[in-house]
Amino acid sequence: MSPVLTPFPLLQRIKFRDAGTLLGLLLIGGVFAVLSPTFLTAPNLLNVLQQSSINACIALGMTLVIISGGIDLSVGPVAALTAVLGASMMVAGVPFGLAVAGALCIGMLCGFINGALIAWGGLQPFIVTLGGLSLYRALALIFTGGQPIFGLPDGFRALTNGTLAGVPNPVVIVAVLAICAWVILNKTPLGEYFMAVGGNPEAARIAGVPVTLTKLAAYMISGLMAAVAAMILIGRLGAAEPTMGTLWELDAIAASAIGGASLMGGRGSIIGTLIGCVILGTLRNGLTLLNVQAFYQLLATGIIIIVAMLIDKATSGK
Amino acid sequence: MIPRLSLSQIEKAFGAHKVLHGVSLTVQPGEVHGLLGENGAGKSTMLNILSGVLSADAGQIEIDGAQVTIASPRSASLAGVAMIHQELQQVPELSVAQNIYLGAALRRAGGLLVDRASQQTEARRLLAPLDASIDVTAPINSLRVAQRQIVEIAKALRANARVIAMDEPTSSLTPTEFDRLVEVIKALAARGVSIIYVSHKMDEVFRICQSATILRDGRLVARVDLPATPIPQVIALMVGRELSHVAHQSFASDQVLLQVSGLSRGRAVQNAAFSLHKGEVLGIAGLVGSGRTELLRLIAGVDSAEAGTVAVNGRPVASGVRARIKAGLGLVPEERKRDGIIRHRPVTSNIGLPAMRQFSRWGIIRRTKLRTRAEELMQEVRLRPFDVSKPIGSFSGGNQQKAIIGRWLAADTQIYLFDEPTRGIDVGAKAEIYDLIEKLAQQGKAIIVVSSELPEVIRVSDRVLVMREGRIAAELAASEITEANIARHAIPAS
């Protein structure tokens, strides 16, 4: 059968659900644009993206985990652990490139431990990563004695504070990672495996999908993304705190859900997740510009998540 | 006589797609009425409208002469309509009595507490004429499917159902259990309860039903009296064409492709040994629970064997699904929804799953190649509707099955393991699947077909193994394959 011809081939490729998320973002953005003159300026919009980049980084990994039928509650503490270990390596004089590589490996190792307990151990993802949530945080606190690590090298900090063609480097890094995640999900066998394992693990197994390795891969990517987010954040702050990353997992899950990921597994979208992150970022930015109390920002976030789910429910089956 | 149930001029459309065109159906009190048609004919939609899951766009429903509005499953229940689904809707961990009173618990202490004792007494009273051996305090998941069905019927009686609709009630019953169900249905009918019976199995319909409504493509084709109308005529009305009965042709060669020896797992499969030749169709018959499905899963590597080997082309194959798939084995599972399909994914993805690497270059899936191959394969098996980019879950059972078979065709599988290949599939698609099996044999593939339907086993097989209590009890050569022979070996001696 020949594909339906439309005058907008590119639009045709954007999925129905992603278009909905985008519409949500435009609506929210539109409201702020009307209410605040500074909202719709280039520096502010870049600021929104920059503020969203950490959450987006985490949410990319989270989306893949959720699509594969799991959940990763341990991302915040994994970020904290990689942050303090990476930072202490740098402070100890290890070249920062090597230290970053080390930190990323530690992130993947944490993901591997989560994934191994889930895939081989047969434990429930929620419980395993809930354990991880405490465990990795504890390790970070024990390692530092609860103290932040200061004195990160300038070369490293320049990397995360710089810009590329006017766009902050963190945004560029996350954009590149998002493209990678999109390619993995939509263009590679691994992506098909994520969706198959999340959609119906038993059927996937009978069809010859390497279920164990697929799950392992999802958690390792999630750990890696947590480590990348940690590196971006400590570069920007110039210090690594063992308490950083608190509640990151919830923001990432929220962004994934707003973007259309089903917590039952099998469905989700990288583009949707990114827009979800920007929606959350826009809310915070816009409400701050309007001098709305932080309590109301929390309220708005909660409402957005629930409204997104209601719309999802109402339009599912289309 | 005022009919017990009368649906008249029912119309239903999903978007632009009209699935029921003014269908009418009438059932008298105490009548057992068949609702027949191929998958997609509109039977499920009719049942869903009757049980309040869907609402009709137009048309009337009357019960005992009074017009009723059925807007929800609850109002259906209040109107006296009960539905027994193919996949029983019970809470597995709760007891029989609790399931019977689900959503309508008997209460005491002014409605604050559930009166379990009365529930159990009442449940026992309801079950007594149906199957007194069922323990009302036992959890549902400890019961056999046949017993769970009886519990569903008891639940319908508890709700004072005047009409009970049964959707494929026998898909997993043994012949003895079916006999028992026939008795229960007759007893219900004698009490004046009207039964609407949906099944693809013609022999059952002819045994149970006094009349039937036949649908095709959402339209009422005929209302026939049974068993007065001959089976071929009923089937012709259903499919709109006469099904040809092709004489069985064997393509079996001498070359052994699969050699199974000493395969065992617990009591389910004990010391199974046989060989399978290129181009051969081997039927495996036996009662439900005789170990057929388990044996197939062991061969496919889905479950791991405690002892024994599986060799393909003379070389032993390691355990595990992936190793077995690589060696050329592929399982088409019995429970399509649970073990076969990835519901939300398109047909292409479901087909490509075992052979993703084959459809990839430098780690990137070549979508065009996958799509072309999927369309090629699905054209051959006549997928309907022909759109491989639609989620597989949106297709009918028969078409899902075609896609699952297509999966192994795409992976260049040499040995096909079919577990109940036509379960829950309509007559037309059934014939297509038999044709496909024959075509595979002709191409020199080796095929095992596990089936509970003897006519099916007899139709497709070159040779039949009969399993009994976990063992291969007999091997029947082509000339020995008869219903009587299979039954004689399948039924335990005791």
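Order of the sequence lines sets the chain letters (A, B, ...), proteins ahead of strands, with each chain counted from 1. On a predicted model such as this, the values are computed, not experimentally measured, just so you know.
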Colleague: Please identify, among B:Ile404, B:Leu331, B:Leu353, the residue contributing the most non-hydrogen atom pairs under 4.5 Å to chain A.
Modeller: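 Of B:Ile404, B:Leu331, B:Leu353, B:Leu353 has the most heavy-atom pairs under 4.5 Å with chain A.
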
Colleague: Look at atom CD of B:Glu306 and say whether more than 12 heavy atoms of other residues, nucleotides or ligands are closer to it than 6.0 Å.
Modeller: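 Check passes, neighbour count above 12.
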
Colleague: Report the distance from atom NE2 of B:His344 to atom CE of A:Met264, rounding to the nearest 0.5 Å.
Modeller: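 Separation between the atoms: 8.5 Å.
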
Colleague: Give the intermediate values and the outcome of side chain to side chain contact (heavy atoms under 4.5 Å, CB included) for residues B:Ile364 and A:Val183.
Modeller: CA-CA 8 Å; B:Ile364 300 293; A:Val183 168; 3.9 Å; yes

Colleague: Does any heavy atom of chain A fall under 4.5 Å from the side chain of B:Arg345, the backbone, both, or neither of them?
Modeller: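 Contact with chain A: side chain only.
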
Colleague: Where does B:Lys337 contact chain A at under 4.5 Å (heavy atoms): side chain, backbone, both or neither?
Modeller: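 Backbone only.
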
Colleague: Are A:Glu192 and B:Ile365 packed together at the side-chain level, in the sense that at least one heavy-atom pair is separated by less than 4.5 angstrom?
Modeller: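 Result yes, sub-4.5 Å side-chain heavy-atom pair found.
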
Colleague: Under 3.5 Å, side chain of A:Asn200 to main-chain N/O of B:Ile341, donor-acceptor pair present?
Modeller: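 Looks like yes, one N/O pair under 3.5 Å.
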
Colleague: Under 3.5 Å, side chain of B:Arg407 to main-chain N/O of A:Ala207, donor-acceptor pair present?
Modeller: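 A pair under 3.5 Å: no.
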
Colleague: Looking at every heavy atom in both B:Arg367 and A:Asn186, which two are closest together, and how far apart are they?
Modeller: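 Closest approach of B:Arg367 to A:Asn186: NH2-O, 2.7 Å.
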
Colleague: If you compare all heavy atoms of B:Ile325 against all heavy atoms of A:Ile206, which two are closest, and at what distance to 0.1 Å?
Modeller: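 For B:Ile325 versus A:Ile206, the nearest heavy atoms are CD1-O, 3.8 Å.
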
Colleague: What part of B:Ser360 gets within 4.5 angstrom of chain A, counting heavy atoms only: side chain, backbone, both, or neither?
Modeller: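 For B:Ser360, the side chain is the part near chain A, not the backbone.
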
Colleague: Hey, are the side chains of B:Arg322 and A:Pro210 touching, using non-hydrogen atoms and a 4.5 Å cut-off?
Modeller: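 Yes. Closest side-chain heavy atoms under 4.5 Å.
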
Colleague: Evaluate the criterion side chain to side chain contact (heavy atoms under 4.5 Å, CB included) for residue pair B:Val302 and A:Arg205; output intermediate values, then yes/no.
Modeller: CA-CA 8 Å; B:Val302 174; A:Arg205 188 170 78 90; 3.1 Å; yes

Colleague: Chain B heavy atoms under 4.5 Å from A:Pro201: which part of the residue, side chain, backbone, both or neither?
Modeller: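 Neither part.
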
Colleague: Any salt bridge between B:Arg297 and A:Glu202, counting N to O under 4.0 Å?
Modeller: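 Looking at B:Arg297 and A:Glu202, the cut-off is met.
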
